Amino acid sequence: MNESFEQVLCRWYESNHRKLPWRETSDPYKIWISETMLQQTRVETVIPYYFRFLEQFPTVQDLAKADEQQVLKIWEGLGYYSRARNLHVAAKEITEKYCGKLPYDPKELLKLKGFGPYTTGAVASIAYNLPVPAVDGNVMRVMSRIEKCFSDITRAKTKKEIEGFVRAHMKNCAPCIFNQALMELGATVCLPKNPKCLDCPVQKFCQAYQDGCALDLPIKSKAKARKKETHLVFYARDHEKRTWVQKRPNTGLLANLYELPHILVGSQEKEACRRLKEDMFLDFQTEDGVVFRVSEVMLTFTHLFTHIEWELMVADAKVLHALAGKSIGEFCTPAEIEKLPFAAPFLKIINTVFV
DNA sequence: AAGACGGGGCA
DNA sequence: TGCCCAGTCTT
Ligand code: SF4
């Protein structure tokens, strides 16, 4: 009759949680893969990627042996590509330094590439049942409401505070259940906009609900506006219907992915392209010295990143001039292109134009 | 502490 | 359009 918050929440989880592929296993490797994919990514999106990834790389050793390009290809479309590159690096570290098994000690886990506080806590608690908090956006929201905490969750200090709340409740329950139960509650009941407080199993423990301020929490300061950029994309094909593609640099945005060449254009160039008519053309040079002759803008659309807004003007173009040593691009057949990892906006272009 | 880093779903 | 989502790394 006097059950604690953690006991009630765990009991609720045991009989109400969704059946998800990564909950059918206790293999630390699979849990690691799933937790990495789930960072900033919805469950429904992750599921097919999870199966494809494990089919191709069933063990740490398989992943360690793979080429980075294979890993990126499986990851294609999932976003935050450093996750895939870090997964690959960490798999090699695990193979070399930890006899091919994920370390048990959270301090060792934290040293691996791609393991921050969340992933470390998730693997330590879910795979090894160790009492380590795993605080993500859901837990941040749920605990802010339960404890009626008005700290700004965009601040690093607040995460420490929430971790403290979680730790305090982790004494009398199984960490592997409690952490997942907090996230499950956040994902299915304690929703950001419409928390289902009337159906909530821990309503009587929730200080925000008792005070009628659940909808006011968590406190989150506003994100900055996106920077806007217009890019002219060169869609150049040769007489064999091959397309000119290039590989992006190994750091920064969409690192190591493939793309159609493009350049940042100002408002005047943008207007000039828009006004192109028959028998007219404009020449542009990319950073790697390739000169493209543009005759028509075929397609214009917008692609949103977290911090940038790309307006992409896709132009029918011809390669006028390229230096073999300097240029980073080359003509590829449709079959070759299909095997390369492309970023979403370029995939969209390729699929639009090939049809 | 702040900014970079994807993509898709929803109101 | 703006906000949200199972974060980590770099500067
Ligand atoms: S009562 Fe409402 S606000 Fe509190 S934990 Fe439950 S769903 Fe969230």
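Since this is a predicted model, take the numbers as computed values, not measurements. Every chain is numbered from 1, with letters handed out A, B, ... down the list of sequences.
- A close approach under 4.0 Å does occur between a side-chain nitrogen or oxygen of A/Gln40 and OP1 or OP2 of C/dG7.
- Checked against C/dC5, B/dA1, B/dG6, the side chain of A/Leu254 finds its nearest nucleotide in B/dG6.
- The side chain of A/Lys220 approaches C/dC4 more closely than any other nucleotide in the set B/dG7, C/dT8, C/dC4.
- Checking A/Leu110 against A/Glu35, the closest nucleotide of DNA chain C that is more toward the 5' end is the one next to A/Glu35.
- Contact record, A/Arg145 with A/Ala214: NE-O, 3.0 Å, taken as the closest heavy-atom pair.
- Closest to the A/Arg83 side chain, of the nucleotides C/dT8, B/dG6, C/dC5, is B/dG6.
- Distances from the side chain of A/Arg42 to the nucleotides B/dG8, B/dG7, B/dG6 place B/dG8 closest.
- As rounded to whole Å, 9 Å separates atom P of C/dT1 from atom CG of A/Leu304.
- Taking only distance into account, the side chain of A/Tyr80 meets the base of B/dG6 through a donor-acceptor pair shorter than 3.5 Å.
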Worked check of salt bridge (charged side-chain N to carboxylate O under 4.0 Å, His left out) between A/Glu55 and A/Arg52
CA-CA 5 Å; A/Glu55 194 179 335; A/Arg52 282 200 295 269; over 6 Å; no
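- Using a 4.0 Å heavy-atom criterion, one finds that A/Gly186 contacts no nucleic acid atom at all.
- Applying the 3.5 Å distance criterion, the base of B/dG6 shares a donor-acceptor pair with the side chain of A/Thr41.
- Applying the 3.5 Å distance criterion, the base of B/dG6 shares a donor-acceptor pair with the side chain of A/Thr306.
- Distance from the side chain of A/Ala344 is smallest for B/dG7 among the nucleotides C/dC5, B/dG6, B/dG7.
- Between A/Thr45 and A/Arg155, it is A/Arg155 whose nearest contact on DNA chain B lies nearer the 5' terminus.
- Minimum atom distance to the side chain of A/Lys193 is reached by C/dC3, of the listed C/dC3, B/dC5, C/dT8.
- When each of C/dC4, B/dG6, B/dA4 is scored by its nearest atom to the side-chain atoms of A/His307, the top-ranked nucleotide is B/dA4.
- Close to B/dA4, at under 4.0 Å from its OP1 or OP2, lies no side-chain N or O of A/Ser82.
- Residue A/Phe305 has its side chain nearest to B/dG6 when only B/dG6, B/dC5, C/dT8 are considered.
- Residues passing the side-chain contact (heavy atoms from CB on, under 4.5 Å) test with A/Thr230, sequence neighbours excluded: A/Val265, A/Lys270, A/Glu311, A/Met313.
- DNA chain C is contacted by both A/Arg23 and A/Gly114; A/Arg23 maps to the nucleotide lying nearer its 5′ end (nearest heavy atom per residue).
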